[in-house]
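Start at 1 with the first residue, then count along the sequence.
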Amino acid sequence: MITVHGSCYEPLGIKLGEWFVSQSGFNKFQPPFYIFGFLNEEGNIVGSVVINNYNESNAEVHIHCPKCLTRANIKYIYDYVFNKLKCNRLTAMPYR
């Protein structure tokens with residue numbers, strides 16, 4: 001599994017966001033947002049995580065990883081929110 005990063009201002013971030021919306025039906029997140037995706041060995045997106053409405057206190061984490069929500073990926077999300085963004089709490093919003 002390959003993990004890629006983007007934001008709402010980068011082509012990769014926009015592509016991952018479009019995939020998230022097309023797969024989950026949720027389109028209520030707005031810039032600014034961070035996003036990362038999980039790619040399979042063929043380079044296809046199999047999961048995406050949108051981090052939106054973040055500040056020092058909290059980050060909303062929208063998760064659509066129907067085929068790749070593993071402990072390692074959950075740890076990755078956790079590390080990103082708490083160590084990179086320096087938030088104190090995350091609010092997880094999973095989608096099937």
Side-chain angles (χ1 to χ4, degrees):
M1 182 105 20
I2 302 165
T3 305
V4 294
H5 297 86
S7 74
C8 59
Y9 305 112
E10 301 168 342
L12 179 57
I14 293 167
K15 180 178 179 179
L16 292 169
E18 289 170 349
W19 183 90
F20 187 97
V21 170
S22 74
Q23 297 296 309
S24 71
F26 182 79
N27 64 354
K28 303 290 185 198
F29 52 87
Q30 297 181 7
F33 61 83
Y34 291 108
I35 188 165
F36 48 90
F38 303 107
L39 310 180
N40 63 15
E41 296 78 26
E42 291 81 33
N44 299 317
I45 302 170
V46 293
S48 184
V49 177
V50 178
I51 301 171
N52 195 221
N53 296 327
Y54 52 89
N55 55 42
E56 291 179 9
S57 299
N58 186 49
E60 285 184 10
V61 181
H62 303 270
I63 304 167
H64 185 68
C65 299
K67 298 180 182 179
C68 66
L69 193 58
T70 63
R71 287 180 189 213
N73 290 345
I74 292 170
K75 183 180 182 317
Y76 190 88
I77 295 166
Y78 179 92
D79 286 342
Y80 194 89
V81 170
F82 291 109
N83 297 325
K84 179 158 175 71
L85 296 180
K86 305 293 186 200
C87 292
N88 295 322
R89 182 180 78 180
L90 70 81
T91 303
M93 315 209 22
Y95 300 86
R96 290 183 167 220

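- Only one option out of V81, L85, D79 pairs with N83 in a side chain to side chain contact (heavy atoms under 4.5 Å, CB included); it is D79.
- Separation of atoms OG (S22) and CG (N27) is listed at 11.5 Å; rounding is to 0.5 Å.
- Checking N40 against E42 by side-chain atom types alone, a donor-acceptor pair falls below 3.5 Å.
- Atom-to-atom distance recorded for L12:CG and I45:CD1 is 7.5 Å, nearest 0.5 angstrom.
- A 4.5 Å side-chain heavy-atom check between H64 and W19 finds at least one atom pair inside the cut-off.
- Each of N73, I77, V50 was scored for a side chain to side chain contact (heavy atoms under 4.5 Å, CB included) with F36, with one residue passing: I77.
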For the pair V4 and L39, evaluate side-chain contact (heavy atoms from CB on, under 4.5 Å) and give the outcome as yes or no after the intermediate values.
CA-CA 8 Å; V4 294; L39 310 180; 3.8 Å; yes

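- Using a distance-only test at 3.5 Å, with no hydrogens or angles considered, no donor-acceptor pair links the side chain of N53 to the main chain of A59.
- When atom types are taken as modelled, the side chain of N52 and the backbone of V61 share no donor-acceptor pair closer than 3.5 angstrom.
- The side-chain heavy atoms of P32 and Y9, taken from C-beta on, include a pair separated by under 4.5 Å.
- Between H5 and the options Y76, F38, F33, a ring-ring contact (aromatic ring centres under 6.0 Å, His included) holds for only Y76.
- No option in I63, L16, V21 other than L16 meets the side chain to side chain contact (heavy atoms under 4.5 Å, CB included) test with S48.
- Cluster membership for Y54 and I74, using ILVMFWY side-chain heavy atoms within less than 4.5 angstrom, is shared.
- In this structure, C87 SG and Y78 OH are separated by 12.0 Å, a value rounded to the nearest 0.5 Å.
- Residue M1 holds its CE atom at 7.0 Å from CD of E41, rounded to the nearest 0.5 Å.
- Expressed to the nearest 0.5 Å, how far CG of N58 lies from CZ of R89 amounts to 4.0 Å.
- Looking only at side-chain heavy atoms (C-beta outward), I35 and C8 stay at 4.5 Å or farther from each other.
- At a threshold of 4.5 Å between non-hydrogen side-chain atoms, the residues F20 and H62 count as touching.
- Residue Y80 qualifies as enclosed at atom OH: its count of foreign heavy atoms under 6.0 Å is above 12.
- In terms of modelled atom types and a separation under 3.5 Å, the side chain of E10 and the main chain of S7 share a donor-acceptor contact.
- Atom-to-atom distance recorded for S24:OG and M93:CE is 11.0 Å, nearest 0.5 angstrom.
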